[in-house]
Amino acid sequence: MPRDRPELGGADVVVHLAGAPIAVRWTARRKREILESRVAGTRRVVDAIAKLQPAPRVFVCASAIGFYGDRGSEELTEESRPGTDFLAGVVREWELAAQGAPVRSVQLRFGIVLSPGGGALAKMLPAFRLGVGGRLGSGGQWMSWIALHDLVRVIRFVITSDGLHGPLNAVAPHPVTNAEFTATLGRVVRRPAVIPVPAFALRGLFGEMAGQTMLASQRVMPRRLEVAGFRFDYPTLAGALQHELSADL
């Protein structure tokens, strides 16, 4: 993580993606780490940018759709109000820290990033490849996702789009329910996906984290990206999974 001027000297663009993992049971200590790694870490980057001459053109900072909290089937855009839970509070402070940069600043609210190399999909794949995957809880919760391929393209797009600033939803235009997500993943890996994980079991294993991530419903739309002219290579889940998993199929 950049801490001082020499590490960023000469940079035309700064992209900051750091943050402690959230997919673990949250203790009081872990929650402090989640908050501080994002907020204090971003403030250090912003302070370093402020000292640079010449200054970078743009600062792109990761954010998250956790900003919205658990919202059922409500369609969410960048204009939607924030949630009220722990993760929503973290994201609000995170974005405020990033907006303190003295250059054009973009906060990309990531959805679930589809990549077999890490994140939620990588954790799900072993069970699904064994044929023991299935929906989480009722399966009715909405999941907003983006292929890693398209996320890289989004980052490039906002870097070169001088009129874009502030928060943008980095999600594909077709969110799905968890039941649809798991059924589609099962079809792509050619395995059944019929063994559900009850909500009470997830809460027993992961506590508060389960309720704000795995069981939370967030139907998020990439409104500002689409208005700006961005077009997704993989707008549908089946196509995105097939692309991201093509080397393993």
Side-chain angles (χ1 to χ4, degrees), residues 15-25 34 37-38 60-66 87 108-137 139 141-159 168-197 201-202 205-206 209-210 212-222 225 230-249:
V15 179
H16 178 48
L17 307 177
I22 65 170
V24 295
R25 191 177 183 92
I34 289 170
S37 66
R38 287 160 174 78
V60 180
C61 186
S63 181
I65 61 171
L87 277 185
L108 291 177
R109 292 175 179 165
F110 290 5
I112 297 169
V113 180
L114 301 184
S115 168
L121 181 60
K123 290 180 171 65
M124 297 170 71
L125 278 174
F128 277 79
R129 285 174 171 152
L130 289 172
V132 294
R135 71 177 189 273
L136 303 181
Q141 66 272 31
W142 285 88
M143 298 175 65
S144 298
W145 55 272
I146 185 169
L148 178 61
H149 167 92
D150 275 330
L151 179 57
V152 172
R153 293 181 58 244
V154 166
I155 293 172
R156 291 173 176 165
F157 182 80
V158 301
I159 287 171
L168 286 86
N169 293 330
V171 294
H174 299 292
V176 296
T177 64
N178 178 262
E180 184 178 349
F181 185 99
T182 52
T184 303
L185 179 55
R187 287 195 298 271
V188 170
V189 300
R190 301 184 181 91
R191 295 291 187 276
V194 295
I195 303 177
V197 183
L202 292 170
L205 286 169
F206 298 108
M209 186 274 284
Q212 294 188 34
T213 58
M214 294 180 279
L215 299 173
S217 186
Q218 295 166 329
R219 188 181 183 183
V220 183
M221 308 304 294
L225 279 173
F230 184 81
R231 297 294 177 263
F232 291 82
D233 284 345
Y234 299 99
T236 63
L237 181 63
L241 287 172
Q242 288 165 357
H243 172 75
E244 296 296 341
L245 300 177
S246 59
D248 301 317
L249 297 177

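As the structure is a computational prediction, the values presented were derived from the model and not from experiment.
By the 4.5 Å heavy-atom criterion applied to side chains, L215 and F206 are not counted as neighbours. Between V15 and I159 there is a side-chain heavy-atom pair separated by less than 4.5 Å. Residues M124 and T182 are in side-chain contact: their nearest non-hydrogen atoms beyond the backbone lie under 4.5 Å apart. Proximity of I65 to I112: side-chain heavy atoms (C-beta onward) are nowhere separated by under 4.5 Å. For the pair M214 and Q141, the minimum side-chain heavy-atom distance is 4.5 Å or more. Two residues are said to be in side-chain contact when any heavy atoms from C-beta on lie closer than 4.5 Å; I22 and T213 meet this criterion.
Rounding to the nearest 0.5 Å places CG of L241 at 8.5 Å from CG of L125. Once rounded to the nearest 0.5 Å, the distance linking CE of M143 with OG1 of T177 reads 9.0 Å. To the nearest 0.5 Å, atom CD1 of residue I146 and atom CZ of residue F232 are 5.0 Å apart. If you take CG on L245 and CZ on F128, they are separated by 11.5 Å, rounding to the nearest 0.5 Å. Here the straight-line distance linking atom CD of E244 with atom CG of L121 works out to 8.0 Å at 0.5 Å rounding. To the nearest 0.5 Å, atom CG of residue L151 and atom CZ of residue R156 are 11.0 Å apart.
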Please walk me through it: do L225 and V158 pass side-chain contact (heavy atoms from CB on, under 4.5 Å)? CA-CA 9 Å; L225 279 173; V158 301; 4.3 Å; yes

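The nearest pair of heavy atoms linking S37 to A20 is OG-N, 2.8 Å. I195 and V132 make their closest contact through CD1-CA, 3.7 Å (heavy atoms, listed as atom of the first residue, atom of the second, distance). Smallest separation of non-hydrogen atoms from S217 and W142: OG-N, 2.9 Å. Residues A172 and P222 share a closest heavy-atom pair of O-CD, 3.8 Å. When every heavy atom of A23 is checked against every heavy atom of M209, the shortest pair comes out as C-CE, 3.8 Å. Nearest heavy-atom pair across A210 and L202 is CB-O, 3.6 Å.
Under the 30°/60° scheme for interplanar angles, the aromatic rings of F157 and F230 are found to stand perpendicular.
Under a 3.5 Å cut-off, the side chain of R129 and the backbone N or O of G131 do not form any donor-acceptor pair. The main-chain N or O of Q218 is found under 3.5 Å from a side-chain atom of S144 such that the two form a donor-acceptor pair. A donor-acceptor pair under 3.5 Å is formed between the side chain of N169 and the backbone N or O of M221.
Taking H174 as the reference, nothing meets the ring-ring contact (aromatic ring centres under 6.0 Å, His included) condition, with sequence neighbours excluded. Partners of R153 by salt bridge (charged side-chain N to carboxylate O under 4.0 Å, His left out), not counting sequence neighbours, listed by chain and number: D150, D233.
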